[in-house]
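One structure is given here, and the rest of the page talks about it.
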Amino acid sequence: MTDTSPAPAADLPTAFVPAEVEGTLYERWVQRGYFEADDKSDRPPYCIVIPPPNVTGSLHLGHAFEHTLIDALIRRRRMQGYEALWMPGMDHAGIATQNVVERELAREGLSRHDLGREEFIERVWQWKERSGGQISGQMRRLGDSVAWSRERFTMDEGLSRAVQTIFKRLYDDGLIYRAERIINWCVRCHTALSDIEVEHTEDEGELISIRYNDEVVVATTRAETMLGDTAVAVNPGDERYQHLIGTEVELPLTGRRIPVVADPHVDPEFGTGMVKVTPAHDPNDFEIGRRHGLPALTIMDELGVITAHGPFQGLDRFEARPAVVAALREQGRIVSEKRPYVHAVGHCSRCKTVVEPRLSLQWFVRVGPLAKASGDAVRDGRVRIHPKEMEPRWFAWVDNMHDWCISRQLWWGHRIPVWYGPNGEVVCVGPDDEVPTGEGWTQDEDVLDTWFSSALWPFSTLGWPEQTPAMEKFYPNQVLVTGYDILFFWVARMMMFGLYANADAGPEQAIPFSTVALHGMVRDERGKKMSKSFGNVVDPMDWMDAYGSDALRFTLARGANPATDVPIGEDWVQASRNFCNKLWNATRFALLNGAQVGVLPDASELSVTDRWIISRLHATLAEVDALYEDFQFAKLTEALYHFTWDEFCDWYVELAKTPLSRGGAVRTGTRDERSDERDQTGGADAERTQLVLGHVLDALLRVLHPITPFVSEALWTTLTGDETLVTAEWPVADASLTDADAEAAVAELQRLVTEVRRFRSEQGLKPGQRVAARLAGLSGSLAGHEAEIRSLVRLDVPADGFTPTASLSVGGVTVDLDLSGAIDVAAERRRLEKDLATARKDLEQAEKKLANEQFLAKAPEQVVAKIRDREAAARSEIDRIEAQLAALPSA
RNA sequence: GGGCGUAUAGCUCAGCGGUAGAGCACCCGCCUUACAAGCGGGAGGUCACUGGUUCGAACCCAGUUGCGCCCACCA
């Protein structure tokens, strides 16, 4: 070939050292602006917004996983010529971040109240700067190809404006309201929570029966709430208690008289069929109270301390419980002894404290119409949820959603844009409205649920409410990639707000994204959930340090089955590192031997093995493309692994050594430091092989790039001399290059080689030991490859006077070897007998099937033909082995 | 209390109607002209159990058992 650049491979070390390429490559990519997207280009858009990491700390393995998947999608589309935008940013994570900073303060012996609201918020911003810097550093390390110039934060000015805008619109449309309701209250975080921020666990409580009077006996697990009872309820159809309805009973310990009401909610089968009614501390009771006009008596404050007058005042709720029981027992009112009772208890998802249902004045989103629209968008196919098995969950949720409590009694977050006047005025202020001033006007103290701003993320980050070019180009987003665990927290809310905020654009354009691709959770190597308390949490940085970013990414992608949890262990990252190294060395070998990317010769000039590897390459490319469309990362990564290692490296590269050596010598870079004479003397075989190696590696490195961007970039730029793979073209599968004949011929070759190797191994021949042998019966397409075959199995061409001492045959090929007495007759007999048994079993199975008339009548022709082939093959195999056994010298 | 998923080699998982697969781990042999982070060979599964459908079932259906997960305002 022509003299190109001086063999660059000479510079490649014999092992891939990630640290030497990762940092510089990433900075170069960013500097050259490869990750930025143009709002005004003609390319089709492909936008994925990052699920904004919380600024509570640093990224964990789950983020690394999610980012690997998103980055792979984005990088592939970029290579395919899309205007690809991965929108970066972070979430202020209201309650979570406030808790972190409060804990930090606590170490200094301070509470947020010591600082005051403004100073505290200042403090959180400082935290955000630190944490945010750490997170973006980790993202760089991972190789995330995000458009850094567009980075957003849920509390930055633009996004706050978006929040205020939509709040105002919803308020004006009557979809946001303020009301006294029973909400989930966390006495530790000191705030209201939405329903999904409550985690239910099966806890063991005690069900206690209390006698209010001779006829009225109720049961409860929260005895202290009886202090707030304002009625006793029975089922209206319950014959036993008809006479009590409308009467009053005296509530013990309080002296209050409360009515007995009839309410259908009461299950006459449960317990005594009588229910104590505490409207201020139980959602059901609240409803009963409303139906009967009962007063709601709050007996507990925000800290869970009893406020009801009397001996229990000032006690914590969990102290009050036994105290109340003791007092009741003293009066002989405890009917049955307390007994264990397993029931679902709600805990704060942030701090695990037992949640207290509490009557409270809060802001709510009326979800009815929004949830309906969200269900419809999936029902009518505008939004696709992948994998489809997740759809039932989606519908179950959106079709039964309760109103969303959005106010939080926190400081860190978007403050509710509502002002109260001195005369009871309530004014919701839009971003461009005048803030009411003057005596007595105050702003609502609460902030919004952190998910309120996340719900706007797909469009607030693009400039909404302005109709920016970015909105124009990238809304709706093409795909959303996120974990199934936040389907309701986040995806459902984005859908509700996206559809609502962009309704003017029409139903097709209003959706926030057209596809939701859900992934699973990262788990440890034994499938256990990673948790701090269990001590199995892994810092992705540690593994990246040890094995490189590519290895981590490859491992994560390789485990990514849709919406399925991903077990991952260090051994697996190591295996991926080995893969990267394999790729490195294969490329290094190719470069050392003059591999070139150029125009491939016509198929007629290629060898069978050339056509085979090209055929396999293009089949793999087609397979990978199809799998990408279905988000089958695990399978496509596996396909790439298999092609690279088992087909390209183990067979093609080994086979290539023979033709390459005809052009001079195989260059090893380690042992054989010959100069460039190869280029001058290179024969046609060598040139052809160099081009095929170049062709395969070029495509292979391209198709691997989305998963392993660093190694692929380093190798590909060396191979091609081009600037970057980031914006290079995606390799397109060419169906015309598939070659069934070549695949069949190489399959035959592989079988032959494997059998000979097996024979050698069982004969105890050392791998390097050369043996003379005669090959006969090679099929037409393999006849020209005898040299390659001999090289793979280390069989020399026999010299004069060759006398074979052993023989084996594979398919139609006979191999006569001169083992010069090295043969182990007993071992050989054993081997052959084993093979014979296998072949006989095969034959038996096939014959049995073919003797089955129903099978012959009903099975498809292809299947029957296959079985017939199998029968014939088994027959000839048996003949062959029997002949060999007969020829064996007797022991 | 509802709903969903899953049970395949020692481990983690693919396969989902036509003779059981991968990675890691394991055993034997190798510094064979890229790579010992490697090469060659090998061992290892009555595909949870019980019935059914089918010429044929790991795969479809029913039930049983084990294990997960999600949802839930029955005191």
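To find a chain, count down the sequence lines: A is the first, B the second, and so on, and within it residues start at 1. Since we're looking at a predicted model, the values are computed, not measured.
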Checklist entry - For A:Asn561, which contact category applies under a 4.0 Å heavy-atom criterion: base, sugar-phosphate, or nothing? => result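 Sugar-phosphate contact only.
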
Checklist entry - Contact class for A:Ala846 vs. all strands (heavy atom < 4.0 Å): base, sugar-phosphate, or nothing? => result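 The answer is nothing, as A:Ala846 stays clear of every strand by at least 4.0 Å.
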
Checklist entry - In chain order, what residues pass the side-chain contact (heavy atoms from CB on, under 4.5 Å) check against A:Arg358, with sequence neighbours excluded? => result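 A:Trp185, A:Glu302, A:Ser360.
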
Next on the checklist: Quick check for you: among B:A75, B:G40, B:C35, whose closest atom lies nearest to any side-chain atom of A:Asp267?
Outcome noted: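 Within the option list, the nearest is B:A75.
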
Under 3.5 Å between N/O atoms: give me all the protein pairs with nucleotides 3-12 of chain B, atom names plus distance.
none

Checklist entry - Mind checking who B:A58 pairs with, Watson-Crick or G-U wobble, both distances under 3.5 Å? => result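 The base-pairing partner of B:A58, which may sit in any strand shown, does not exist here.
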
Next on the checklist: If I take atom CD in residue A:Glu197 and atom C1' in nucleotide B:C71, what distance separates them, rounded to the nearest angstrom?
Outcome noted: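 Result: 17 Å.
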
Checklist entry - Rounded to the nearest Å, what distance is computed from the CD atom of residue A:Glu847 to the P atom of nucleotide B:C55? => result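 Atom CD in A:Glu847 sits about 23 Å away from atom P in B:C55.
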
Checklist entry - Mapping A:Lys276 and A:Ser791 onto RNA chain B by nearest heavy atom, which one lands closer to the 5' end? => result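 Looking at the nearest nucleotide for each, A:Ser791 comes out on the 5' side.
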
Checklist entry - So which one's nearest nucleotide on RNA chain B is more toward 5', A:Pro268 or A:Trp584? => result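 Nearer the 5' end of the strand: A:Trp584.
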
Checklist entry - Roughly how far apart, to the nearest Å, are B:A22 and B:G40 at atom P? => result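 About 14 Å, rounded to a whole number of Å.
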
Checklist entry - Are the side chain of A:Glu197 and the backbone of A:Ser194 linked by a donor-acceptor contact shorter than 3.5 Å? => result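 Pair found, side chain donor or acceptor close to backbone of A:Ser194.
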
